[in-house]
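Encoded as structure tokens, the structure appears first; notes follow it.
Per chain, numbering begins at 1; letters A, B, ... match sequence-line order. Just so we're clear, the structure is a prediction, and the values are computed from it rather than from any experiment.
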2 protein chains.
Amino acid sequence: MSTPARKPSRIQTENRQRIRDAALGLFATHGFRGTTLDQIADACGMHKPNLIYYYDSKEAIHIDLLNTLMEEWLSPLDAMNPDGEPLEEILDYIRRKMEMSRLYPRESRLFANEIVQGAPRMLPHLESTLKPLFDKQCGIIAKWMKDGKIAEMHPAHLIFSIWAVTQHYADFEAQIAVLLPGDDKRARGADQFVEMMFRKVLTP
Amino acid sequence: MSTPARKPSRIQTENRQRIRDAALGLFATHGFRGTTLDQIADACGMHKPNLIYYYDSKEAIHIDLLNTLMEEWLSPLDAMNPDGEPLEEILDYIRRKMEMSRLYPRESRLFANEIVQGAPRMLPHLESTLKPLFDKQCGIIAKWMKDGKIAEMHPAHLIFSIWAVTQHYADFEAQIAVLLPGDDKRARGADQFVEMMFRKVLTP
DNA sequence: TCGTAACTTTACCAAATGGTAAAAATCTTG
DNA sequence: CAAGATTTTTACCATTTGGTAAAGTTACGA
């Protein structure tokens, strides 16, 4: 961004990655304002001005994270195949979302933080990238319903409920850990429950 | 807290309420660290030192809000009647949660912020207050299932999914507003969908 | 291996922020 | 109404924080 389009060196690629990794965890749990450059620097073993050497500002780090996040986060939705078996396609999507919740809770919380706070940095991105994809997938699901392959319901609210339930396991982990202290089987129990639930809802 | 247990004057009650109201909105959307005393003071037409006159610190305001929130937030869960008609009891609970999501989105977001960030100020409260209530209600639901009144499933995950879906409408409002711009029928559509969904899941 | 570009570190700064001191204003009550 | 208590305002302060300047160090291609 500051250097006019020269290809990044090995060190540059490496260090930017280190910064992103440290910042992701901190932004996810303390929010943007709740995270300081010093904390990020500490977490990745660098000095504060060094961060600014790689990113123009604290906000630039945040934006970079959100942009990267958006692509990875939406790819499972895009993977839904209109020509597949409807129920299995949706259940596969749900399984992937549960897996992401388990493997990438930081990303989930970063996203949650951004949206809860009114999406100050992501609204345009939501309009331009998420909205079209969302509408497309709603269309696919609507067609499946009209063909009688799955039960009829409002496709948008169906997707909302999938997001809500799957991301809840990452975003509200602190609460769940208190209420369901049985550490081991928690993830499996969640997977089984969620699959059962949506199978029941979607079966015509 | 600072004054040793004298009964609060009219002005004191009034102004504390004004402060809480302003702080609720700000903490809910910007988080604790993202909100400044000046912002709160501005929002309730007072001066910064005046806030400190009524609350010992910024954190004291936050804690007061969380404590108040906890009671109001959990009351619907406690209202579930073990001797009522199981399906209707749970659906009533869900309806109340949806209503709260619509009427008190700030409270929902304040709570979400706190939990997403690892519940730094609420963990003890969750253990001591929420956990026992949660366990009790899980017990009631488990009994209903054993009696064949509703479908069998993991009661805890059922409650999680109810929380996830209902609170999603308040917490992710910014995203929903982008994806479902039809303003008017949104709330009604959500209510209908959620009721249909859980009715289907719970029917044996 | 030498020179230059890329990178790191130290020392710093201005603004923002949580909070204090104390004077000024207002309210309450005998 | 007068006196004391309560509430509000003004002026400050120490720390934190995002960011800069510039000197020092390292990597790397010719």
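Remark: the backbone N or O of B/Ala28 is not paired with any side-chain donor or acceptor of B/Arg106 at under 3.5 angstrom. Counting only distance, with no hydrogens or angles, the side chain of B/Arg33 and the backbone of A/Thr35 share no donor-acceptor pair below 3.5 Å. No donor-acceptor distance shorter than 3.5 angstrom exists from the side chain of B/Asp171 to the backbone of A/Val116, with no hydrogens or angles considered. Using modelled atom types, one side-chain atom of B/Arg186 and one backbone atom of B/Leu180 make a donor-acceptor pair closer than 3.5 Å.
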Please tabulate, for side-chain N and O atoms in residues 189-199 of chain B, each donor-acceptor pair with protein atoms closer than 3.5 Å (sequence neighbours left out).
residue, atom, partner, partner atom, Å
B/Asp191, OD1, B/Arg102, NH2, 3.0
B/Asp191, OD2, B/Arg102, NH2, 2.6
B/Glu195, OE1, B/Arg95, NE, 3.1
B/Glu195, OE2, B/Arg95, NH2, 2.9
B/Glu195, OE2, B/Arg199, NH2, 2.8

Hey, can you pull the donor-acceptor pairs under 3.5 Å for the side chains in residues 75-84 of chain B, sequence neighbours left out?
residue, atom, partner, partner atom, Å
B/Ser75, OG, B/Glu72, O, 3.0
B/Asp78, OD1, B/Lys136, NZ, 3.4
B/Asn81, OD1, B/Asp83, N, 3.0

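Taken from CG in B/Asp21 to CG in B/Leu65, the straight-line distance is 9.5 Å, to the nearest 0.5 Å. Note that CG of A/Leu133 and CG of B/Leu179 are 10.0 Å apart. Values are rounded to the nearest 0.5 Å.
The ring pair (Phe, Tyr, Trp, His ring centres under 6.0 Å) check on A/His62 picks up A/Phe27, A/Phe32, with sequence neighbours excluded. Qualifying side chain to side chain contact (heavy atoms under 4.5 Å, CB included) partners for A/Ile63, counting only residues two or more places apart in sequence or in other chains: A/Glu59, A/Asn67, A/Arg121. For A/Lys200, the salt bridge (charged side-chain N to carboxylate O under 4.0 Å, His left out) test picks out no residue, with sequence neighbours left out. By the side chain to side chain contact (heavy atoms under 4.5 Å, CB included) test, A/Asn50 is found to be paired with A/Met46, A/Tyr53, A/Tyr54, residues two or more places apart in sequence or in another chain being considered. Applying the ring pair (Phe, Tyr, Trp, His ring centres under 6.0 Å) rule to A/Phe172 yields the partners A/His168; only residues at least two apart in sequence or on another chain are considered. Not counting sequence neighbours, the partners of A/Lys97 by the side chain to side chain contact (heavy atoms under 4.5 Å, CB included) test are A/Trp73, A/Tyr93, A/Trp163, A/Thr166, A/Gln167.
When the nucleotides C/dT9, D/dT7, C/dT8 are ranked by their closest atom to the side chain of B/Tyr54, D/dT7 comes out on top. The side chain of B/Gln12 has D/dT7 as its nearest neighbour among D/dT7, D/dT8, D/dG19. The listed nucleotides are D/dG19, D/dT9, C/dT8; the one nearest the side chain of A/Asn50 is C/dT8.
Within residues 30-42 of chain A, the residues having any heavy atom closer than 4.0 Å to DNA chain D are, in order of number, A/Thr35, A/Thr36, A/Leu37. Less than 4.0 Å separates DNA chain D from no heavy atom of any residue of residues 117-124 of chain A.
Nucleotide D/dT16 holds its P atom 14 Å from the NZ atom of B/Lys58, rounded to whole Å. The distance from atom NE2 of B/His47 to atom P of D/dT10 is 6 Å, rounded to the nearest whole Å. When the C1' atom of C/dC7 is taken as reference, atom CD of A/Glu14 falls 13 Å away, rounded to whole Å. As rounded to whole Å, 12 Å separates atom P of D/dT8 from atom CZ of B/Arg16.
In terms of position along DNA chain C, the nucleotide closest to A/Gly45 lies nearer the 5' end than the nucleotide closest to the other residue of the pair B/Glu59 and A/Gly45.
Within the 4.0 Å cut-off from OP1 or OP2 of D/dT8, at least one side-chain nitrogen or oxygen of B/Asn15 is found.
Rotation axes derived from the C1' atoms of the five outermost pairs at either end of the helix from C/dT1-D/dA30 to C/dG30-D/dC1 lie 20° apart, to the nearest 10°.
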**Request:** Assign a letter to each nucleotide of nucleotides 20-29 of chain C from its 5' end: B, base within under 4.0 Å of a protein heavy atom; S, sugar-phosphate only; -, no contact.
**Result:** BB------S-
